[in-house]
Structure formats: C-alpha cells, structure tokens
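For reference, the structure discussed in these notes is given below.
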Amino acid sequence: MPSSMTSLQTTPARSVSDPSLHAVYDKVVAGERLTIEDGAALYDSSDLWSVCGMADLVRRRMHGDTAFYNVNRHLNYSNVCALSCTFCAFARKRGEEGAYEYTIEEVRKEAAAAASQGATEMHVVGGLHPYHPFDFYTDMLQAIHEEAPCLHIKAFTAVEIVHLARISKRGRDGAEGIRSVLLDLRAAGLGSLPGGGAEVFDDRVHDEAFKGKIRGDAWMDVHRIAHELGIHTNATMLYGHVENRGERLKHMHLLRGQQDAALHEWASSQGIGDGSEVVLSGPDANYPAERLPTTRTCDRGWYQACIPLPFVPDDSALERLYGPSGVENLRTIAIARLMLDNIPHMKAFWIMQTLPASQLMLQMGGADDIDGTVVWYDITKVDGCGTHQETGVQELHRVLREAGLTPVERDTLYRPVTRDGVEWSVD
Ligand code: V47
C-alpha cells in the first residue's frame, strides 16, 4: 500500500472548520502534548464535530476499533457515611430511612453469585462508615476472595483508604500509614483501586461541594503510593456541578502529571517521551516498542482508565442544578481523551452517561470502554431508575457493534478474556 494511503487512513485531512483549533489539530496529528490553553480552546469552540474527530483519531491510534467491556458486579456495601457532600444522594446517617449495611455473610453471598454467573470483577465501594472497625474491611475482602478466588477485587476509593488509615490509627503516619493499609488490604485480596472520590481537584470546589472529604492532593497521594506498590488504579472527574471548565482542565493536568511520574521508568525503557512527559496517543511511528504499558512490560502501577462522571442532581442537595447536558458530556469526554494523552483508557460509564449516550461517546467521542454488566448500582439513579441497573453481554455487544466497533471482553487489567459461558480465562 502506498505510504500516502496509510497516512490518509490514520491522519484525516484537516477538516477543522474553526481556525482557533488549527494549532491544536496540528499538535494532535503530531502526537504533541496539549496545554491547558489548548483545552480551553477545545471547550470554547462551537466546532464540536472537530473536537470529537480529534478524540476519535487518538482513540483509534490507541485501540483501533476495539471497544472494551467487562462482566462485573458493583457492590456498594453500605451507604452509611460520616460525610455530607452536597452532590451525593447516596449517603445516609445510621438509622435514617434508607440507610443500609451489608454483613460479611451477605457480601460473601454476593461474591458467590457473581462468580457463578461468570463475573471477572467485583467493584466494591461504600460510604465512610463511622462505626465499622478496620477488620471489617479486611474480613470483607477475605470473604470475597475465599468465596470467589477468580474475582478481581477493585475496592475502596482513596477517600475510604484515608478513612481506614484513620480508624486503624495509622492516619498520623501520613504516607507510611497509607502504605501499610494498602499492604494489609492487598494481603486480604485487594486487586486494584477504583477511581472514585476524586471529584474535581480544586480547593474552591472542594469547599463548596464536598467539604470534609480529603482534598485533591491527599487523593493523589493515595494513588501515588498504590502505584509505587504496583497496584493499578483508575481516576474519575465528577463534573457539571459547581466547578467551571477551567477547573476541570486543571484536574486533568494534575492527573496527567502524576501519570507521567508513574510511567517514567517504563517510558524510558521504551524510548518514549522526553524524560518528563509521556505521550501515548501519537501516530504509530512515535512508538518504536510498545505503545501502552502492560503488566508484562511494567511492574509499577499506573492509572489504567479515566472515567469522567457527569453530575446526576436527582435527590442530592444540589438538585436545583441541571447537571451537564448531552453535548457537554460528549465534549468533556472527548477533551479528556485529548488532554489525558498518557492514560490508556477512557471510560464512558453507561450507568451515569446512559447506554445511548455512551454508544455515541465510543463511536465518536474518544471513549474505548463502557464499564460492564454492573447489575446493582446505588450511588446514582439517572431519571429515578431503580438500583437494579443491569445490562447483559448481548446488549453490550449490540450497542458496541452498532457503533461500528468490535466488542472485546477484558478483565480488570485490560487483558482479553476468553469465555465459554460462565467459564473464562485470560492469557
Ligand atoms: O466516588 C457521587 C461519584 C463515584 C454522584 O474506577 C456522583 O472503574 C455523579 O467512582 N452524580 C462512584 N457522580 C463511581 C465511580 C466509578 C464508577 C465506574 C467505574 C469506576 C472505575 C469508578 O460517583 C463517587 C463520586 O465521585 N458520585 N454522587 C452524583 N450525584
């Protein structure tokens, strides 16, 4: 095939109609890192089509036409929480109507049911329970692990980890306390950390919407320590409430900087980056060895996926707000794909984005992952739907294929899953 044809397939002719995006386009094509100002231009432009076109170009370079999903279960073990974040409709005080707590035996049953139905992952998070001792959490992990050793346990947001350091009296030891909590949890069965609780890394936003929760620097410390221990993590950004677009871009910038540090050694070994920046989203020619880190090629932990979470106002103390529009959601995930050039995966979490909008985000907005079958989800309920929010593998396949993509089941570490009914394996 003539080389001009190859480059036409991977680098579309510049069809960006907004002149303020021309410089951004040229950087994206070359695989150069975008600045916060570039991100602002992407937010300000009325040419959403081009913003998505660039995100899609990057997504196809990184993942071709693959769209990832997993067979998972979310388990929100308790909604009893010491905090009162204004965006949260999930938390209750103990004894309040709607408050609930799973016992260890109930968690064990959930794990057994998940495994018997072929799930590969259990995503376990809850409120900051004011009375459970530290042992409750290690017992819970052990129960899941004993009952279903094949399940990868992705559990506890950074906020919960800091809470566990406090209740186990290790809080005053700073990083050492966090490290020893993570080691204990790993010994009990923890596989990785989910991306929740990040919200928006900005003190003004923090004080207005989630005062009392840890600030962005503490959240990032937990993830840095997890990465040092070889534990993979994800990162969310909860947007569309009291923050502004500039604060979102700052959040992305901070995450990207931390991922540079996590990938530094691996990138040097691959000849990627200039020693400080690691860009994984450029044209193929920029990657003499592996484009993306895998557990085989890198023994550190890193951010595997970013999950932009659109604020769902229903039943929260910020119910007066509208929450982000469909266009803002599409634009934000596309910009996250472009700005977070060193985070391998961009997830359109269908529970919060809805299945139809997630499909568009995968088809044209830079997303390559849709999360999984979920089954029960308590934290948000879009349009007041119930906690039973299940989709099946067939439905996910239909949604992804209709978007022109090839569905690939993955495990939590993004290894392709080979499946025969409820039996599965990874290489
Ligand atoms: O931590 C709470 C957010 C998070 C609301 O790591 C809200 O793979 C929108 O983190 N509107 C939990 N968001 C969900 C989460 C997650 C989901 C899917 C995959 C992964 C992953 C992580 O939801 C909370 C908080 O940041 N949240 N209330 C709300 N009203």
Side-chain angles (χ1 to χ4, degrees), residues 68-70 72-77 79 81 83-92 120-128 152-163 191-201 205-206 209-210 213-214 216 219 222-223 226 231-243 251 255 303-324 329 332 343-354 358 367-384 389 410-414:
F68 294 102
Y69 70 93
N70 69 350
N72 66 350
R73 295 290 178 276
H74 283 245
L75 178 75
N76 304 128
Y77 56 89
N79 61 356
C81 187
L83 300 179
S84 304
C85 303
T86 53
F87 63 77
C88 182
F90 169 65
R92 297 283 184 284
T120 61
E121 170 189 283
M122 215 154 164
H123 179 154
V124 182
V125 293
L128 302 192
H152 177 108
I153 310 176
K154 183 170 84 176
F156 309 130
T157 64
V159 190
E160 290 167 279
I161 300 292
V162 170
H163 176 68
S192 62
L193 296 187
E199 324 314 5
V200 174
F201 299 148
V205 180
H206 173 273
F210 40 98
K213 218 169 200 176
I214 56 172
W219 188 97
V222 172
H223 284 255
I231 298 173
H232 292 294
T233 75
N234 288 339
T236 55
M237 175 178 76
L238 168 59
Y239 66 93
H241 43 94
V242 302
E243 91 298 350
H251 181 94
L255 282 177
Y303 288 118
Q304 299 196 104
C306 172
I307 309 108
L309 300 174
F311 171 53
V312 179
D314 308 5
D315 300 327
S316 77
L318 294 178
E319 203 172 29
R320 65 179 188 283
L321 302 178
Y322 286 107
N329 289 337
T332 296
I343 298 194
H345 300 281
M346 191 54 58
K347 188 186 283 190
F349 182 41
W350 69 266
I351 290 277
M352 290 190 198
Q353 301 280 12
T354 74
S358 301
D368 62 279
D369 192 350
I370 194 165
D371 204 78
T373 44
V374 177
V375 184
W376 295 95
Y377 196 73
D378 290 309
I379 297 179
T380 54
K381 299 170 196 13
V382 174
D383 293 333
Q389 299 184 69
R410 61 162 179 91
D411 72 351
T412 310
L413 304 177
Y414 285 87

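Every number for a ligand or one of its atoms is a count from 1 in the order of the listing.
- What sits closest to atom 14 (C) of ligand 1 on the protein, heavy atoms only, is Tyr377 OH, 3.1 Å.
- With respect to atom 29 (C) of ligand 1, the closest heavy atom belonging to the protein is Thr380 CG2, 3.3 Å.
- Close N/O approach between Thr236 and ligand 1 is not found [any backbone or side-chain N/O within under 3.5 Å].
- Considering backbone and side-chain N/O atoms, Asn234 comes within less than 3.5 Å of an N/O atom of ligand 1.
- The aromatic rings of Trp219 and His223 lie parallel to each other, their planes meeting at an angle below 30°, with 60° marking the opposite boundary.
- The proximity of Pro313 to ligand 1, defined as any non-hydrogen pair under 4.0 Å, does not occur for either the backbone or the side chain.
- The residue among Leu309, Ile307, Thr86, Leu238 with a heavy atom at the shortest distance from atom 9 (C) of ligand 1 is Leu238.
- For atom 16 (C) of ligand 1, the closest non-hydrogen atom of the protein is His123 CE1, 3.9 Å.
- When hydrogens are left out, the protein atom nearest atom 1 (O) of ligand 1 is Gly197 N, 2.8 Å; that is the closest non-hydrogen contact.
- Counting atoms of ligand 1 from 1 in the listed order, those under 4.0 Å from a heavy atom of Pro310 are 9 (C), 11 (N).
- With a heavy-atom cut-off of 4.0 Å, Phe311 touches ligand 1 through backbone and side chain alike.
- One option in His345, Glu199, Lys154 has a heavy atom closer to atom 26 (O) of ligand 1 than any other, and that option is Glu199.
- Considering backbone and side-chain N/O of Val312, one or more are found under 3.5 Å from N/O of ligand 1.
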